[in-house]
There are 2 protein chains.
Amino acid sequence: MALPNGPVATSSKAEAVLFELIDVYDRAYEAAAAELSLSSAQACVLGRLDERRGMGALAEELGCDASNITQIVARLEGLGLVAREPNPRDRRARLVARTPRGDEVNHRFAEAFTFARTAIGRLSPDEQDQLTALLRKALG
Amino acid sequence: MALPNGPVATSSKAEAVLFELIDVYDRAYEAAAAELSLSSAQACVLGRLDERRGMGALAEELGCDASNITQIVARLEGLGLVAREPNPRDRRARLVARTPRGDEVNHRFAEAFTFARTAIGRLSPDEQDQLTALLRKALG
DNA sequence: AATCAATACTTGATTCACTCAAGTAATGAA
DNA sequence: TTCATTACTTGAGTGAATCAAGTATTGATT
């Protein structure tokens with residue numbers, strides 16, 4: 001489990017609750033991944049392959065070095081969850097796609113990671129809209 | 001930068017905004033730590049030493065193995081930010097405390113990590129209360 | 001057509017976080 | 001006095017992440 005990101009001195013109740021939410025969310029994500037013997041990073045990459053795409057696109061979206069993606073994808077490939085195919089349009093590039101097993105594992109991960117769904121589900125539709133509006137405003 | 005924890009398929013707007021918030025929060029935390037040449041884990045441990053305490057207490061609070069804390073504290077000690085003192089009441093145990101430099105770095109970290117403060121600050125006091133109530137309800 | 005910088009990705013080296021198993025030393029209860 | 005427990009450290013191993021350097025291909029320029 002990664003250590004929580006915070007709290008520094010929380011200066012308001014809202015900040016403290018926000019931190020708690022994030023901590024619980026992050027831990028739930030990691031735990032769901034661990035149920036499937038995946039790391040958070042692996043679950044993250046697997047979840048972004050609904051469509052086949054290049055390594056570079058993944059690195060850019062995830063804001064990390066390309067070599068990091070190379071590594072993570074290599075492990076997922078070793079697990080039989082993704083496949084790297086040559087890109088017919090550009091022989092430098094490779095397209096990554098989930099295998100059928102990868103689809104299944106990804107699906108099971110989505111089922112195992114219930115936290116966000118459950119948390120949101122505790123709110124009425126009206127409350128969900130309020131929360132969405134507040135968070136959007138907070139995000140600026 | 002750690003890869004983001006999500007989104008799987010986001011099944012509602014609220015879930016998507018929540019994920020975005022968490023992603024931005026986590027990245028801001030890591031970036032603030034990086035400004036001070038700290039890792040997230042180091043900033044986290046440093047931030048939990050407002051009072052001197054034992055290694056075991058830290059490990060329990062942070063939900064990780066004691067040996068993980070040993071390592072992180074050793075690095076912080078190497079940086080001169082914390083000190084390990086013998087516990088006069090129990091010679092097996094050691095008490096960890098921030099040094100004056102550690103206090104200063106921790107203070108600067110709290111200043112550098114503006115995200116949560118800023119985000120909450122975009123809301124009126126009433127809205128902050130609403131958000132707190134909604135998040136508490138969502139947390140169950 | 002030939003050249004060459006830019007692009008897409010990989011490889012290798014290094015650091016750190018994290019976990020588990022095993023070890024040491026001190027404590028406290030029988 | 002014995003011995004399990006506690007508190008922490010050490011060592012080994014994995015994975016994430018970054019950086020620097022390398023390869024192959026592409027595409028623009030001459």
Side-chain angles (χ1 to χ4, degrees), chain A residues 1-5 26-27 29-31 33-46 48 52-79 81-97, chain B residues 1-5 26-27 29-31 33-46 48 52-79 81-97:
Chain A
M1 289 278 169
L3 262 38
N5 283 343
D26 285 342
R27 287 174 188 273
Y29 191 93
E30 196 163 357
E35 273 184 45
L36 298 160
S37 304
L38 296 177
S39 67
S40 296
Q42 288 166 354
C44 169
V45 169
L46 196 61
R48 307 243 173 178
R52 97 172 28 173
R53 56 206 305 202
M55 312 283 288
L58 278 169
E60 191 178 0
E61 177 175 337
L62 297 175
C64 72
D65 195 90
S67 63
N68 195 18
I69 298 297
T70 297
Q71 262 189 104
I72 294 167
V73 167
R75 286 196 190 99
L76 288 172
E77 197 173 32
L79 295 169
L81 304 181
V82 308
R84 268 181 292 197
E85 305 157 14
N87 182 337
R89 300 194 172 283
D90 184 342
R91 298 211 307 264
R92 290 170 301 180
R94 310 178 75 173
L95 293 172
V96 195
Chain B
M1 289 279 168
L3 261 39
N5 282 344
D26 285 342
R27 287 174 188 273
Y29 192 93
E30 196 164 357
E35 273 184 44
L36 297 161
S37 304
L38 297 176
S39 66
S40 295
Q42 288 166 354
C44 170
V45 169
L46 196 62
R48 308 244 172 177
R52 97 174 26 175
R53 57 205 307 203
M55 312 282 290
L58 278 170
E60 191 178 1
E61 177 175 337
L62 298 175
C64 71
D65 194 271
S67 64
N68 194 19
I69 298 297
T70 297
Q71 263 189 99
I72 294 167
V73 166
R75 285 195 191 100
L76 288 172
E77 199 173 31
L79 295 169
L81 304 181
V82 308
R84 269 181 292 199
E85 304 158 16
N87 183 338
R89 300 194 173 282
D90 183 343
R91 297 211 308 264
R92 291 170 299 181
R94 311 177 75 174
L95 293 172
V96 195

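Convention: sequence-line order gives letters A, B, ...; per-chain numbering from 1.
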Mind checking the [atom1]-[atom2] spacing from [X] to [Y]? Nearest 0.5 Å is all I need.
{"X": "L76(B)", "Y": "Q71(B)", "atom1": "CG", "atom2": "CD", "value": "11.5 Å"}
{"X": "S40(A)", "Y": "R27(A)", "atom1": "OG", "atom2": "CZ", "value": "11.0 Å"}
{"X": "C64(A)", "Y": "L58(A)", "atom1": "SG", "atom2": "CG", "value": "8.5 Å"}
{"X": "C44(B)", "Y": "N5(A)", "atom1": "SG", "atom2": "CG", "value": "7.5 Å"}

In whole angstroms, how far is the C1' atom of dA16(D) from the CG atom of L38(A)?
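Taking atom C1' of dA16(D) as the reference, CG of L38(A) is at 14 Å.
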Nearest-angstrom distance from the residue atom CD of Q42(A) to P of dT14(D):
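Whole-Å distance recorded here is 14 Å.
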Between dC8(D), dT10(C), dA17(C), which nucleotide has the shortest distance from any of its atoms to the side chain of M55(A)?
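Of the candidates, dT10(C) comes closest.
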Donor-acceptor contact below 3.5 Å, side chain [X] vs main chain [Y]:
{"X": "E60(B)", "Y": "A57(B)", "value": "no"}
{"X": "E30(B)", "Y": "A2(B)", "value": "yes"}
{"X": "E77(B)", "Y": "R84(B)", "value": "yes"}

Does R94(A) put a side-chain nitrogen or oxygen below 4.0 Å from OP1 or OP2 of dT10(C)?
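The answer is yes; a side-chain N or O of R94(A) sits under 4.0 Å from OP1 or OP2.
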Phosphate contact (dA17(C) OP1 or OP2) by S39(B) side-chain N/O below 4.0 Å
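Answer is yes, contact under 4.0 Å.
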Listed in order of residue number, which residues of residues 81-92 of chain B have a non-hydrogen atom at under 4.0 Å from DNA chain C?
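Heavy-atom contacts with DNA chain C come from D90(B), R91(B), R92(B).
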Let's go through L62(B) and R48(B) carefully: what are the C-alpha distance in whole Å and the side-chain angles of both, what is the deciding distance for side-chain contact (heavy atoms from CB on, under 4.5 Å) to 0.1 Å, and is it a yes or a no?
CA-CA 9 Å; L62(B) 298 175; R48(B) 308 244 172 177; 3.6 Å; yes
Output a table of nitrogen or oxygen pairs between the protein and nucleotides 18-23 of chain C separated by less than 3.5 Å.
{"unit_1": "dC18(C)", "atom_1": "OP1", "unit_2": "L3(A)", "atom_2": "N", "d": "2.7"}
{"unit_1": "dC18(C)", "atom_1": "OP2", "unit_2": "N68(B)", "atom_2": "ND2", "d": "3.0"}
{"unit_1": "dC18(C)", "atom_1": "O5'", "unit_2": "N68(B)", "atom_2": "ND2", "d": "3.2"}
{"unit_1": "dC18(C)", "atom_1": "O3'", "unit_2": "M1(A)", "atom_2": "N", "d": "3.1"}
{"unit_1": "dC18(C)", "atom_1": "N4", "unit_2": "Q71(B)", "atom_2": "NE2", "d": "3.1"}
{"unit_1": "dT19(C)", "atom_1": "OP1", "unit_2": "M1(A)", "atom_2": "N", "d": "2.6"}
{"unit_1": "dT19(C)", "atom_1": "OP2", "unit_2": "D65(B)", "atom_2": "N", "d": "3.4"}
{"unit_1": "dC20(C)", "atom_1": "N4", "unit_2": "S67(B)", "atom_2": "OG", "d": "2.5"}

